[in-house]
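Only a predicted model underlies this, so the values are computations on that prediction, with no experimental measurement involved.
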Amino acid sequence: MSEPMKPPPPSTPSTPSTPLIVITGAASGIGAATARLLSSQGHPLLLLARRLERLEALDLPKSLCRKVDVTDREAFASAVREAEEEYGPTDALVNNAGAMLLSRVADQDPEEWDRMIDVNVKGVLYGIHAVLPGMLARGAGTIINVSSVAGRKTFPNHTAYVGTKFAVHAMSENLREEVAPAGVRVVTIAPGAVETELLSHTTDEQIKSDYQAWKESAGGALPPEVVAEAIAYAYHQPPEVTIREIVLAATGQES
Ligand code: NDP
């Protein structure tokens with residue numbers, strides 16, 4: 001007679017079936033759309049950005065909203081500790097906060113390079129630093145870094161920005177190699193143009209209007225909800241499957 005089937009292992013209260021997800025830059029655009037989607041799927045969330053009122057306006061259940069600048073490593077780590085005390089360990093981090101300040105290098109204020117490097121590169125590392133030790137100890141977790149098509153190829157007036165997004169791609173791949181044997185997944189999400197506030201921070205009006213014209217000539221940009229779906233798709237794979245990278249753009253976007 002064959003052996004009776006073993007019962008499934010008891011679920012531990014510290015790892016609920018809809019565990020905590022941390023999302024940076026959840027105040028608008030892709031981050032806000034991802035927060036809405038993952039919340040609708042039952043996950044408690046830690047939502048981070050500088051505009052606290054925008055996080056709170058999402059009005060999502062089981063969500064802790066904290067005014068955190070991702071360039072502040074200690075504030076980032078402390079918000080993660082606070083959320084984990086309330087909701088248990090972080091199962092996923094969506095490193096989404098970002099800044100895109102387009103310019104020709106010769107014209108650009110170096111302060112803008114500093115800001116993009118601090119937010120897009122160091123902010124991503126600070127997020128990883130806050131959650132990775134716990135993930136390695138548990139042998140589970142997913143780090144989702146939002147890069148860009150501009151992390152794979154260059155575009156006019158994007159020099160410093162592509163530098164930061166190429167860095168996100170490179171760091172993600174290298175981190176994946178480092179943590180894969182421990183059961184931690186690293187995912188890179190690389191969208192083309194998405195209809196968000198991102199362009200609004202560029203100060204050169206001509207570059208902004210050229211970019212808008214380029215988007216329109218491509219038939220418009222992706223809605224942020226489409227990128228949120230891609231993030232959720234990668235996250236919801238079984239733990240033994242890693243979607244290493246998703247590159248997605250509006251069909252009309254040639255470049
Ligand atoms: P948004 O400008 O709408 O969102 C950016 C988010 O990042 C905001 O919530 C903003 O909130 C937050 N943020 C910016 N700086 C900081 C900071 N120092 N600390 C904490 N949060 C910060 O743009 P998107 O949704 O488009 O951008 C999200 C990500 O997607 C970025 O990494 C971007 O590079 C990437 N991306 C976007 C594309 C697009 O075409 N839109 C294409 C490819 C990639 P707050 O200001 O309140 O802090």
Side-chain angles (χ1 to χ4, degrees), residues 21 23-38 49 92-104 116-117 119-121 123-124 127 142-176 185-202 204 206-237 241-255:
I21 298 179
I23 304 174
T24 70
S28 56
I30 296 168
T34 305
R36 283 194 206 95
L37 179 59
L38 293 172
L93 163 67
V94 184
N95 254 327
N96 163 77
M100 180 180 80
L101 307 164
L102 303 182
S103 181
R104 284 169 291 278
M116 286 189 281
I117 291 166
V119 177
N120 301 0
V121 181
V124 164
T142 307
I143 291 172
I144 299 173
N145 294 329
V146 179
S147 182
S148 172
V149 170
R152 299 164 53 90
K153 63 190 294 296
T154 59
F155 291 86
N157 308 314
H158 278 58
T159 301
Y161 181 70
V162 297
T164 65
K165 291 301 186 180
F166 271 66
V168 174
H169 261 81
M171 293 189 308
S172 303
E173 178 59 10
N174 219 148
L175 177 66
R176 191 191 58 71
R185 307 184 299 182
V186 181
V187 177
T188 306
I189 302 288
V194 185
E195 205 51 67
T196 69
E197 297 175 9
L198 195 70
L199 180 65
S200 66
H201 307 290
T202 288
D204 185 314
Q206 185 60 50
I207 289 176
K208 267 205 281 201
S209 65
D210 289 351
Y211 190 95
Q212 285 291 6
W214 169 73
K215 271 198 314 195
E216 279 153 32
S217 72
L222 290 178
E225 290 74 17
V226 171
V227 184
E229 290 284 354
I231 290 170
Y233 171 77
Y235 172 64
H236 289 305
Q237 296 303 307
V241 176
T242 295
I243 304 286
R244 294 186 184 183
E245 181 175 1
I246 296 179
V247 186
L248 69 165
T251 303
Q253 180 179 330
E254 289 170 21
S255 50

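Remark: the backbone N or O of Ala193 is paired with a side-chain donor or acceptor of Gln253 at under 3.5 angstrom. Side chain of Asp204 to backbone of Ser103: no donor-acceptor contact under 3.5 angstrom is found. Judged by distance alone, with hydrogens and angles left aside, the side-chain atoms of Asn96 form a donor-acceptor pair with the main-chain N or O of Thr24 at under 3.5 Å. Checked by atom type and distance alone, the side chain of Arg185 never pairs as donor or acceptor with a backbone atom of Ile243 at under 3.5 Å.
Closest heavy-atom contact between Asn95 and Gly127: OD1-CA, 4.1 Å. Between Asn145 and Ser172, the shortest heavy-atom distance links the atoms ND2-OG, 2.9 Å. Scanning both residues, Ala49 and Ala26, for their nearest heavy atoms gives CB-N, 4.3 Å. Nearest heavy atoms, Ala97 versus Gly25: CB-N, 3.7 Å.
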Contacts under 3.5 angstrom, residues 220-235 side chains, donor-acceptor by atom type, not counting sequence neighbours:
| unit_1 | atom_1 | unit_2 | atom_2 | d |
| --- | --- | --- | --- | --- |
| Tyr235 | OH | Asp91 | OD2 | 2.6 |

Pairs of donor and acceptor atoms involving the side chains of residues 157-168, under 3.5 Å and at least two apart or interchain, shall be tabulated with distances.
| unit_1 | atom_1 | unit_2 | atom_2 | d |
| --- | --- | --- | --- | --- |
| His158 | ND1 | Pro156 | O | 2.8 |
| Thr164 | OG1 | Asn120 | ND2 | 3.1 |
| Thr164 | OG1 | Tyr161 | O | 2.6 |
| Lys165 | NZ | Val146 | O | 3.0 |

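From Gln212, atom CD reaches atom OG of Ser217 across 11.0 Å, with rounding to the nearest 0.5 Å. Between the CD1 atom in Ile30 and the CD1 atom in Ile23 there is a gap of 12.0 Å [rounded to 0.5 Å]. Interatomic distance, Ile144 CD1 to Ile246 CD1, rounded to the nearest 0.5 Å: 8.5 Å.
Counting heavy atoms of neighbouring residues, nucleotides and ligands inside a 6.0 Å radius, atom CD of Glu254 does not exceed 12 of them.
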- Pair Val247-Val149, side-chain contact (heavy atoms from CB on, under 4.5 Å): steps then yes or no: CA-CA 7 Å; Val247 186; Val149 170; 4.0 Å; yes

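Annotation: side chain to side chain donor-acceptor pair (under 3.5 Å) contacts of His236 (sequence neighbours excluded): Gln41. Under the rule for a salt bridge (Lys or Arg N to Asp or Glu O under 4.0 Å), the partners of Glu195 that lie at least two apart in sequence or sit in another chain are Lys215. In terms of the salt bridge (Lys or Arg N to Asp or Glu O under 4.0 Å) criterion, residue partners of Lys208 (sequence neighbours excluded) are, by chain and number, Glu205. With sequence neighbours left out, the side chain to side chain donor-acceptor pair (under 3.5 Å) criterion links Glu245 to Arg152, His169.
Side-chain contact between Arg104 and Ile207: present, with at least one pair of heavy atoms (C-beta onward) separated by less than 4.5 Å. When side chains are defined from C-beta on, Leu199 counts as touching Met100, because their heavy atoms get closer than 4.5 Å.
Of the candidates Thr188, Ile189, Val124, Thr188 is the only one forming a side chain to side chain contact (heavy atoms under 4.5 Å, CB included) with Ser147.
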